[in-house]
Amino acid sequence: MRLLERLGVTPSIVPPSQPGPPPLTTAQVYGRSPVGYSADLGRILALPRRDLAASYTAADVEALEAALRSPSPQCNCASMSPPRPCPLRLRRVQAQALLEASRVGGLLGPIGTGHGKELTTLLMPMVMPGCRVAVLFIPASLLPQFESEWGYYGAHWKLPNLAGGRWFRVGLPVLHVVTYNKLSSQEATDLLERIRPDLVILNEAHNLKDPKASRTGRFLRYFEKHPRTRLVALSGTFASKSIKDYAHLSRLALGEGSPLPLAHHVVEEWGTALDPGKVVALPGALERLCEPGEHVREGFQRRRNATSGVVATEESALDKPLIIRERKVGPVPAQLFALIELAHAGERPDGEQFQEQLQAVACARQLSAGFYHRWRYPRGEPHELIEQWFARRKAWNKEVWEELKGKRREHLDSPGLLTKAALRAHMSPPYEGDKPVWHAATWPEWTEIHAAVQPEPQAVWVSDFLVKDAAEWARSRVGIVWVEYPELGERIAKEAGVPFYGGGTVASEDILRETGRRSIVASIKAHATGKNLQQFSRNLVVTPPSDGAAWEQLLARTHRPGQQAQVVEVEVCLHSQDYAAAFGTALERARFIQQTDGQSQKILMARSDQPPIDCAG
Ligand SMILES: [Zn+2]
């Protein structure tokens, strides 16, 4: 943890065992047997290696541009606010992705932020042979700026017909643009079946990393039924915690040519030697991917990137300095440390005993910001009723959880839809429609009581030291204050007299209109992905995430092409062991991403290249 040391985080606040995983002992390392040889490994070793840089000539790229360029560009780039340069040429990686996808009939694109993934996805249906109907999935946070981006690129390039758009040009493919959130919604249970795409394009494809999530289940089900569908999957961080995060995407994009194992148990096995924080096996047979002396993650990454159908970036899109340093917050009240310690021991400040470790960790994170969450019962339900309510709720949740495992069927593939199916099963007179019913055992008891107790979440404040400190930061310079909790964001914004942007479409639109002349407070969850916020160059991360991919996204909001400042600065609050540990875990996960994905991670770049600066600027 060199950065933590350099940042002056003292051992009394960060015991050596806290930031990131402790050094592994021999017993832990050899907890599992070394990775063995498998048919999958044999297949992957036999895949031809290809040098992407030598695959396409300048003439190939020019021919592609000529075919895609709009014949009569009419743009208002100069009068946009702020003005934008005309996108007249394709970036090298954009051209490579388009050429490679059309040649291979699918694409796995580990392409970092700021390399123009958006235009690549819009042009993809135009180059994919025989494409008639395509679906592009994007994060909901990108939707507010989608229309203007479509206009910006459409003025210079030949784009497909936009489904629902006002123009239809015969002979061009139709592109449906859908958010991942929409794919999660109940009415989207058969969405892909209704659209029937022959090409699916995923921007920020890590949104489909979890095969257990409803949205991923729907996506996988469609490919099972229609295996000839082409897949183009792009993401700057395919794997934030494990190669499991994208082995299924690689399989659907490249089939037998996938550089990741196809068999689930082999993916699991490789993870034991490759995944961060839980390396329990020696590389074993995976050494065959490596040059002498090469780390197994690097050998894996080199093999992957040399595979036909894989287009990867290895350099950061911006070489401007990025400086990350600790925010020296004012004195932390000793009482707060005591409450945090108590939380780790399993107790909330008001005496409530936690049931699981997860609750304790969440509470300690909240306390580090000066408050904690609890349920309150404004209607004054009796204690026994509340206990019964929680017991039945737990039983119901468990049955839903079990029912969703492994089985993915239309109208039964999310908790909300299962609830509806259970309602139908218990209707009187009996339900006679054509939708499925579910005879859940715990439903009658739960439905009888579920409305009888109505808890409301409530934030209880114990200290405003962090609110005051962040507000002071926001007042004394212009920048973005990033927070995890809305109630914290609102308090800081109020104290500093600046706007807070939380969740929702309106906030997403409004934040893009900020000119960068005043500070703002922003929700990490709602705004740290996808948005262009390079009008700001200073950041304060009040509640540091532990996810390396989340950090990469957050840093890329301001550390991106178009940044006018000489340097992008980030200050991080590390005043509690929970925040310091989260930051340490993020560094560890970023190292994993950098080694296996080959994407240089901003959080690591800042660490190794830039000395911390002293003045607060
Ligand atoms: Zn233009």
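Indexing begins at 1, ligand by ligand and atom by atom, following the structure's order. Computed over heavy atoms, backbone and side chain alike; hydrogens, waters and symmetry mates excluded.
- Between His226 and Tyr222, the angle of the ring planes lies from 30° to 60°, which puts this pair in the tilted group.
- At a cut-off of 3.5 Å, with distance as the only test, no side-chain donor of Arg91 or Thr120 sits close to an acceptor on the other residue.
- Protein N/O/S atoms closer to the Zn ion (ligand 1) than 2.8 Å number 4 in this structure.
- Under the 3.5 Å distance criterion, with hydrogens and angles disregarded, no donor-acceptor pair is assigned to the side chains of Ser184 and Asn181.
- Nearest heavy atom pair, residue Ile520 against residue Tyr501, reads CG2-CE1, 3.8 Å.
- Ser214 and Arg218 form no side-chain donor-acceptor contact under 3.5 Å, judged by distance and modelled atom types alone.
- Judged by distance alone, the side chains of Ser508 and Lys531 do bring a donor and an acceptor atom under 3.5 Å apart.
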